[in-house]
Amino acid sequence: MKSWKLTSSPVVTGQCLCGAVRFEMEYPAFWAWHDHSRASRLAHGAVYATYVGTWRKRFRITAGEREINRFEEKETGAVRSFCRRCGTPLIYERTRSRHMINIPRALFQSRTGRQPIYHIAIEEMQDWAHAGEPLVPLKGYPGVFCRRSKKKRRIEARLSASIRSRCS
Ligand SMILES: [Zn+2]
């Protein structure tokens with residue numbers, strides 16, 4: 001049977017792309033969420049960012065502290081830290097919750113104890129974000145998938161409508 005000292009919790013670890021910065025977080029995280037805000041979209045260069053939030057005291061940088069640069073957002077006062085060698089976003093600190101810090105979910109190598117079931121700034125969600133529509137393989141391009149063409153979807157919709165009318 002596994003036993004833990006009273007003072008130590010299980011931890012999960014993560015790192016930046018180049019590996020210079022490494023960190024650990026006590027398991028489980030407090031929560032996890034998708035952030036669709038413009039600021040996070042730009043900071044990540046991605047359609048949205050997925051964060052894991054935890055108490056500051058449950059998070060530790062274990063290597064590469066000197067490689068971390070901080071950028072403060074003028075309008076909000078939020079601070080975003082990133083690896084100055086590879087540019088990976090590392091920590092997002094919001095002024096409204098000073099005891100919490102947020103780490104990109106993608107940097108963890110294992111489960112964090114929380115599923116990202118929450119969304120913030122959903123009204124800023126981009127119409128080019130993939131929202132789980134069915135995908136089909138693109139002919140002649142192995143590994144590339146695309147949305148089904150509108151024409152095929154229209155045909156399917158007409159078919160299912162006519163099936164429904166026949167069945168009712
Ligand atoms: Zn790095």
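Along the sequence shown, residues carry numbers from 1. Remember, it's 1-based here, ligands and their atoms both numbered in the order they're listed.
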Undergrad: What pairs with Thr13 under side-chain hydrogen bond (donor to acceptor under 3.5 Å, both in side chains), at least two apart in sequence or on another chain?
TA: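 Counting only residues at least two positions away or on another chain, Thr13 forms a side-chain hydrogen bond (donor to acceptor under 3.5 Å, both in side chains) with Gln109.
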Undergrad: Sort by chain and number the protein N/O/S atoms found under 2.8 Å from the Zn ion (ligand 1).
TA: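 Correct list: Cys16 SG, Cys18 SG, Cys83 SG, Cys86 SG.
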Undergrad: Hey, what's the ring geometry for Trp33 with Trp31, parallel, tilted or perpendicular (30° and 60° as the breaks)?
TA: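 The rings of Trp33 and Trp31 lie parallel, inter-plane angle below 30°.
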Undergrad: What side-chain donor-acceptor pairs closer than 3.5 Å can you find for residues 42-49, not counting sequence neighbours?
TA:
| residue | atom | partner | partner atom | Å |
| --- | --- | --- | --- | --- |
| His44 | NE2 | Tyr51 | OH | 2.8 |

Undergrad: Under a 4.0 Å N-O cut-off, is there an ion pair linking Arg60 with Glu26?
TA: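 Counted as a salt bridge, because a side-chain N and a carboxylate O are separated by less than 4.0 Å.
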Undergrad: Verify the distance criterion only: is there a donor paired with an acceptor across the side chains of Thr76 and Arg96 at less than 3.5 Å?
TA: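 The answer is no; no qualifying pair exists.
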Undergrad: Only pairs at least two apart or in different chains count here, so list each salt bridge (Lys or Arg N to Asp or Glu O under 4.0 Å) that has a residue in residues 111-126.
TA: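 Found none.
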